[in-house]
Amino acid sequence: MDKAAMDIRPLSRSELPASAAVLARWLIGKTLVREHRRGRMSGRIVETEAYVVGDASGHAYKGKTARNASLFLERGHAYVYFIYGCWFSLNVSAGRAGIGTGVLLRALEPLEGVHLMSRHRLGARVEDLARGPGRLATALDITRALDGRDLCAGGGALWLGDAVAPRGRLGTGPRIGITRETQRVLRFFEKGNRCVSGPRALSG
DNA sequence: AGCCAGATTTTCT
DNA sequence: GAAAATCTGGCTA
């Protein structure tokens with residue numbers, strides 16, 4: 001027996017800011033909902049990074065390919081990529097159709113379906129279930145099958161919802177794990193939240 | 001808490 | 001053939 005699903009209002013595309021840097025900040029505190037075969041999983045978005053137009057660290061920098069095509073979809077679509085031989089990561093496309101830019105979702109604070117996430121991440125503490133982009137995708141069972149999905153279609157397999165709780169103070173800093181344009185301040189997180197990835201010194 | 005190496009495969013050069 | 005928007009476990013303090 002599952003508890004009743006939370007009442008989460010789906011976000012519509014017109015609400016999303018049409019710039020990666022603004023969208024990344026705006027998404028902190030919003031909700032990501034995964035409608036899985038076994039049940040619903042959801043969490044508060046507590047950490048993001050923006051990959052802006054003309055950004056040498058972005059996957060779209062060298063143009064559109066089969067791999068990154070979803071980054072060029074109208075804002076609010078999923079771009080799922082496979083990295084380091086083991087992990088998937090989820091982005092939200094952030095520009096107009098034909099513009100390659102997006103927001104990497106780096107961490108969630110689990111809300112619903114914690115037992116399902118735990119099944120995908122055996123042995124992890126609740127605050128570590130979706131703490132980091134690879135862990136987030138693993139916890140929610142997000143694979144390339146979801147690449148290109150419309151995240152503004154509430155009721156689909158994966159969608160964005162409004163905030164269900166007030167957002168805490170916003171923190172910012174340089175992005176993690178990149179080798180180019182490392183000095184740009186395009187990482188956003190909820191200050192003090194235990195589900196934010198990286199060293200604690202960077203998330204307070 | 002911080003540093004380091006290994007894993008493992010897709011993608012593009 | 002090299003690099004990659006990462007994670008884990010083992011080590012040192």
Side-chain angles (χ1 to χ4, degrees), chain A residues 19-25 27-28 32 43 45-73 75-95 99-110 117-149 151 158 171-189 192-204:
Chain A
S19 131
V22 181
L23 177 63
R25 176 187 310 239
L27 281 174
I28 300 297
L32 180 68
I45 298 169
V46 296
E47 183 185 4
T48 63
E49 283 177 359
Y51 288 84
V52 302
V53 175
D55 184 344
S57 67
H59 288 182
Y61 184 60
K62 292 178 180 172
K64 189 171 171 179
T65 66
R67 178 205 194 200
N68 67 19
S70 295
L71 265 185
F72 291 78
L73 295 173
R75 70 188 191 274
H77 287 81
Y79 163 50
V80 181
Y81 66 92
F82 188 67
I83 192 72
Y84 298 124
C86 337
W87 309 103
F88 289 98
S89 262
L90 172 67
N91 284 237
V92 180
S93 68
I99 306 294
T101 177
V103 173
L104 171 66
L105 300 189
R106 290 193 57 92
L108 299 182
E109 176 186 338
M117 298 187 206
S118 297
R119 193 178 301 184
H120 302 141
R121 301 241 319 117
L122 294 175
R125 295 173 301 181
V126 171
E127 62 266 35
D128 290 335
L129 282 173
R131 180 171 174 263
R135 293 164 167 180
L136 183 159
T138 301
L140 269 53
D141 193 23
I142 291 170
T143 69
R144 274 229 121 196
L146 295 174
D147 184 52
R149 295 294 183 101
L151 301 176
L158 189 62
T172 64
R175 294 171 294 182
I176 292 176
I178 56 173
T179 57
R180 284 168 290 187
E181 311 231 14
T182 54
Q183 78 290 355
R184 302 184 74 158
V185 178
L186 290 171
R187 174 171 172 263
F188 305 92
F189 56 91
N193 192 299
R194 302 296 286 178
C195 300
V196 174
S197 76
R200 298 292 181 208
L202 293 181
S203 57

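- Annotation: side-chain contact (heavy atoms from CB on, under 4.5 Å) contacts of Lys62(A) (sequence neighbours excluded): none.
- Between the side chain of Thr182(A) and the backbone N or O of Thr179(A) there is no donor-acceptor pair closer than 3.5 Å.
- In terms of phosphate contacts, Thr179(A) brings a side-chain nitrogen or oxygen within less than 4.0 Å of OP1 or OP2 of dA4(C).
- Shown here for Asn91(A) and Gly102(A), the closest heavy-atom pair between the two residues is OD1-C, 4.4 Å.
- Going from atom CD1 of Ile83(A) over to atom P of dC12(B) covers 12 Å, rounded to whole Å.
- Among residues two or more places apart in sequence or in another chain, the side-chain hydrogen bond (donor to acceptor under 3.5 Å, both in side chains) test is passed with Glu181(A) by Arg184(A).
- Considering only residues two or more places apart in sequence or on other chains, Arg121(A) meets the side-chain contact (heavy atoms from CB on, under 4.5 Å) condition with Ala124(A), Asp128(A), Leu129(A), Arg135(A), Thr138(A), Ala139(A).
- In this structure, CG of Leu202(A) is placed 13 Å from P of dA1(B), rounded to the nearest angstrom.
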Would you mind writing out the side-chain donor-acceptor pairs for residues 76-87 of chain A within the sub-3.5 Å range, not counting sequence neighbours?
from     : atom 1 : to       : atom 2 : distance (Å)
His77(A) : ND1    : Glu74(A) : O      : 2.7
Tyr79(A) : OH     : His59(A) : ND1    : 2.8

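- For DNA chain C, each stem of at least three Watson-Crick or G-U pairs (distances under 3.5 Å) is given as range with range: B:1-7 with C:6-12, B:9-12 with C:1-4.
- For the pair Leu105(A) CG and dT6(C) C1', the interatomic distance rounds to 16 Å; values are reported in whole Å.
- The neighbour count for Arg194(A) CZ, taken as heavy atoms of other residues, nucleotides or ligands under 6.0 Å away, does not exceed 12.
- In this structure, the side chains of Leu140(A) and Leu90(A) stay at 4.5 Å or more apart for every pair of heavy atoms.
- Among residues two or more places apart in sequence or in another chain, the side-chain contact (heavy atoms from CB on, under 4.5 Å) test is passed with Ile99(A) by Val53(A), Arg96(A), Thr101(A).
- Among the heavy atoms of the strands lying under 4.0 Å from Phe82(A) are primed sugar atoms or P, OP1, OP2 only; no base atom is included.
- Residues that satisfy the salt bridge (Lys or Arg N to Asp or Glu O under 4.0 Å) test with Arg67(A), not counting sequence neighbours, are absent from this structure.
- When rounded to the nearest whole Å, the span between CG of Asp147(A) and C1' of dT11(B) equals 14 Å.
- Between Ile178(A) atom CD1 and Gln183(A) atom CD the span is 8.0 Å, to the nearest 0.5 Å.
- Taking every heavy atom of residues 51-69 of chain A and every atom of DNA chain B, pairs under 4.0 Å involve Thr65(A), Arg67(A), by number.
- Under the rule for a side-chain contact (heavy atoms from CB on, under 4.5 Å), the partners of Ala24(A) that lie at least two apart in sequence or sit in another chain are Thr48(A), Ala50(A), Val103(A), Phe188(A).
- Atom pair Ile178(A):CD1 and dA3(C):P shows a separation of 17 Å (rounding to whole Å applied).
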Summary of protein contacts for nucleotides 7-13 of chain C, nucleotide by nucleotide, where a base hit scores B, a sugar-phosphate-only hit scores S (4.0 Å, heavy atoms): SS-----
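- Residue contacts for Leu104(A): at a heavy-atom cut-off of 4.0 Å it reaches a base atom on one of the strands shown.
- One atom, CG of Leu71(A), and another, C1' of dA5(C), lie 11 Å apart when rounded to the nearest Å.
- Nucleotide dA5(C) holds its P atom 19 Å from the CZ atom of Phe188(A), rounded to whole Å.
- In this model, no side-chain donor or acceptor of Tyr84(A) finds a partner on the base of dA7(B) within 3.5 Å.
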Check nucleotides 2-4 of chain B for protein N or O atoms closer than 3.5 Å to its own N or O atoms and list the pairs.
none

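- Remark: Ser57(A) engages Asp55(A), Arg175(A) in a side-chain hydrogen bond (donor to acceptor under 3.5 Å, both in side chains) (not counting sequence neighbours).
- With hydrogens and angles disregarded, no donor-acceptor distance shorter than 3.5 Å links the side chain of Glu109(A) to the backbone of Asn193(A).
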